[in-house]
*Asks:* 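Quick one: this structure, given as structure tokens, is what I'll be asking you about.
Atoms considered below: every heavy atom in the structure, side chains included; atoms not considered: hydrogens, waters and symmetry mates.
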Amino acid sequence: PILYSYFRSSCSWRVRIALALKGISYDLVPVNLIKDGGQQFSAEFKALNPMQQVPALKIDGITLSQSLAIINYLEETHPNPRLLPQDPKKRAQVRMIADHIASGIQPLQNLSVLKQMGEKKMEWAQNCIMSGFQALEQILQHTAGRYCVGDEVSMADLCLVPQVANAERFKVDMGPYPTITRINKALLELEAFKISHPSQQPDTPAELRA
């Protein structure tokens with residue numbers, strides 16, 4: 001497998017966590033979203049992913065984009081350890097939380113949107129994240145055990161950790177979100193989350209390396 005990734009991309013990070021959890025080794029091709037006006041806009045990358053976004057994963061003779069679609073494919077082809085619970089209700093809760101973050105928070109504060117916001121980008125990002133986290137905190141109070149849904153790591157957790165990192169980067173006060181904070185802390189202790197962290201990637205700038 002070949003993963004096209006950017007160290008700071010939260011969507012790429014989700015996929016890196018999934019690959020690490022499932023023990024799938026891969027080659028990483030960095031796509032710098034800022035350098036050269038954004039390497040994702042090159043003709044070469046557009047041929048790979050017409051949406052001109054990371055991540056993209058070449059695997060089993062196909063090229064997949066969209067992080068949740070990639071994670072679902074990995075789940076179906078490498079079922080252990082499982083990232084979607086067997087219980088239909090818990091499975092629905094995992095998908096709900098993953099969608100809440102992947103559709104309802106992250107796209108509103110990603111690079112392409114922030115470019116349009118000019119000087120207001122920090123305030124815009126904070127408001128989008130806080131609004132999403134207020135709802136997420138309430139949801140997690142009903143679904144969480146050690147992690148987002150019960151005590152097993154799921155696709156929801158793969159979305160949560162990168163989004164909390166975004167919140168911290170945009171200086172969001174995490175005080176009002178104790179459940180999110182607690183789960184995030186527990187997840188960051190797991191090896192798969194450590195090795196996939198933005199501070200540990202081949203394309204991480206020297207000053208941001210852990």
*Asks:* Can you establish whether the number of heavy atoms outside Lys194 located under 6.0 Å from its atom NZ is more than 12?
*Replies:* yes

*Asks:* For side-chain contact (heavy atoms from CB on, under 4.5 Å), just list the numbers for Ser10 and Asn110, CA-CA rounded to whole Å, side-chain angles, deciding distance to a tenth of an Å, and then say yes or no.
*Replies:* CA-CA 9 Å; Ser10 58; Asn110 72 6; over 6 Å; no

*Asks:* Would you mind reporting whether Cys11 and Pro55 have side-chain heavy atoms less than 4.5 Å apart?
*Replies:* yes

*Asks:* Side-chain contact, heavy-atom cut-off 4.5 Å: Asn49 with Thr63?
*Replies:* no

*Asks:* Can you check whether Ser154's main-chain N or O pairs, donor with acceptor, with Asp157's side chain at less than 3.5 Å?
*Replies:* yes

*Asks:* Please check if atom CD in Gln141 has more than 12 non-hydrogen atoms from other residues, nucleotides or ligands closer than 6.0 Å.
*Replies:* yes

*Asks:* Do Tyr6 and Gln39 come within less than 4.5 Å of each other through their side chains, counting heavy atoms only?
*Replies:* no

*Asks:* Where do Leu158 and Val153 land on the side-chain contact (heavy atoms from CB on, under 4.5 Å) test, with the steps shown first?
*Replies:* CA-CA 8 Å; Leu158 276 56; Val153 175; 4.1 Å; yes

*Asks:* According to side-chain contact (heavy atoms from CB on, under 4.5 Å), who are the partners of Ser199, at least two apart in sequence or on a separate chain?
*Replies:* His197, Ala210

*Asks:* Side chains of Asn72 and Glu75: is there a donor and an acceptor less than 3.5 Å apart?
*Replies:* no

*Asks:* Please determine whether the number of non-hydrogen atoms from other residues, nucleotides or ligands lying under 6.0 Å from atom NZ of Lys121 exceeds 12.
*Replies:* no

*Asks:* Can you confirm whether Pro176 sits close enough to Gln134 that some side-chain heavy atom of one is under 4.5 Å from a side-chain heavy atom of the other?
*Replies:* no

*Asks:* Check whether more than 12 heavy atoms from other residues, nucleotides or ligands sit under 6.0 Å from atom CD of Glu44, and answer yes or no.
*Replies:* no

*Asks:* Go through the structure and list residues passing salt bridge (charged side-chain N to carboxylate O under 4.0 Å, His left out) with Glu119, not counting sequence neighbours.
*Replies:* none

*Asks:* Determine whether Gln53 and Gln40 satisfy the following criterion, side-chain contact (heavy atoms from CB on, under 4.5 Å), listing intermediate values before the conclusion.
*Replies:* CA-CA 6 Å; Gln53 295 171 336; Gln40 70 275 30; over 6 Å; no

*Asks:* If you define the side chain from C-beta out and look only at heavy atoms, does anything of Gln200 sit under 4.5 Å from Phe7?
*Replies:* no

*Asks:* Quick check: closest heavy atoms across Arg91 and Leu84, and the distance to 0.1 Å?
*Replies:* NH2-O, 3.9 Å

*Asks:* So which atom in Ala18 and which in Leu74 form the shortest heavy-atom distance, rounded to 0.1 Å?
*Replies:* CB-CD1, 4.0 Å

*Asks:* Might you point out which heavy atoms bring Ser12 and Tyr4 nearest each other, and give the distance in Å?
*Replies:* OG-O, 4.4 Å

*Asks:* Identify the two heavy atoms, one from Cys148 and one from Leu140, that lie closest to each other, and give their separation to 0.1 Å.
*Replies:* O-CD2, 3.6 Å

*Asks:* Would you please test Thr143 and Gln93 for side chain to side chain donor-acceptor pair (under 3.5 Å) and show each step?
*Replies:* CA-CA 7 Å; Thr143 64; Gln93 288 172 330; 5.7 Å; no

*Asks:* Would Trp13 and Gln201 count as a side-chain contact (heavy atoms from CB on, under 4.5 Å) here? Give the steps.
*Replies:* CA-CA 10 Å; Trp13 188 2; Gln201 299 313 300; over 6 Å; no

*Asks:* Can you confirm whether Arg14 sits close enough to Ile101 that some side-chain heavy atom of one is under 4.5 Å from a side-chain heavy atom of the other?
*Replies:* yes

*Asks:* Is there a side-chain contact between Ile139 and His100 (heavy atoms, below 4.5 Å)?
*Replies:* yes

*Asks:* Check step by step if salt bridge (Lys or Arg N to Asp or Glu O under 4.0 Å) holds for Lys90 and Glu152.
*Replies:* CA-CA 11 Å; Lys90 283 189 173 179; Glu152 286 185 18; over 6 Å; no

*Asks:* Minimum heavy-atom separation for Ala144 and Ile183, please, with both atom names.
*Replies:* CB-CD1, 3.8 Å

*Asks:* Is the shortest heavy-atom distance from the side chain of Met122 to the side chain of Phe170 under 4.5 Å?
*Replies:* yes

*Asks:* Transitively linked via ILVMFWY side-chain contacts under 4.5 Å: Tyr73 with Ile70?
*Replies:* yes

*Asks:* Looking at Asp203 and Pro30, what are the two nearest heavy atoms and their distance?
*Replies:* CB-CB, 3.6 Å

*Asks:* Is the backbone of Lys35 close enough, under 3.5 Å, to the side chain of Asn32 for a donor and an acceptor to pair up by distance?
*Replies:* yes

*Asks:* Stepwise, does the side chain to side chain donor-acceptor pair (under 3.5 Å) test hold for Gln109 with Gln163?
*Replies:* CA-CA 10 Å; Gln109 49 89 108; Gln163 188 55 55; 3.1 Å; yes

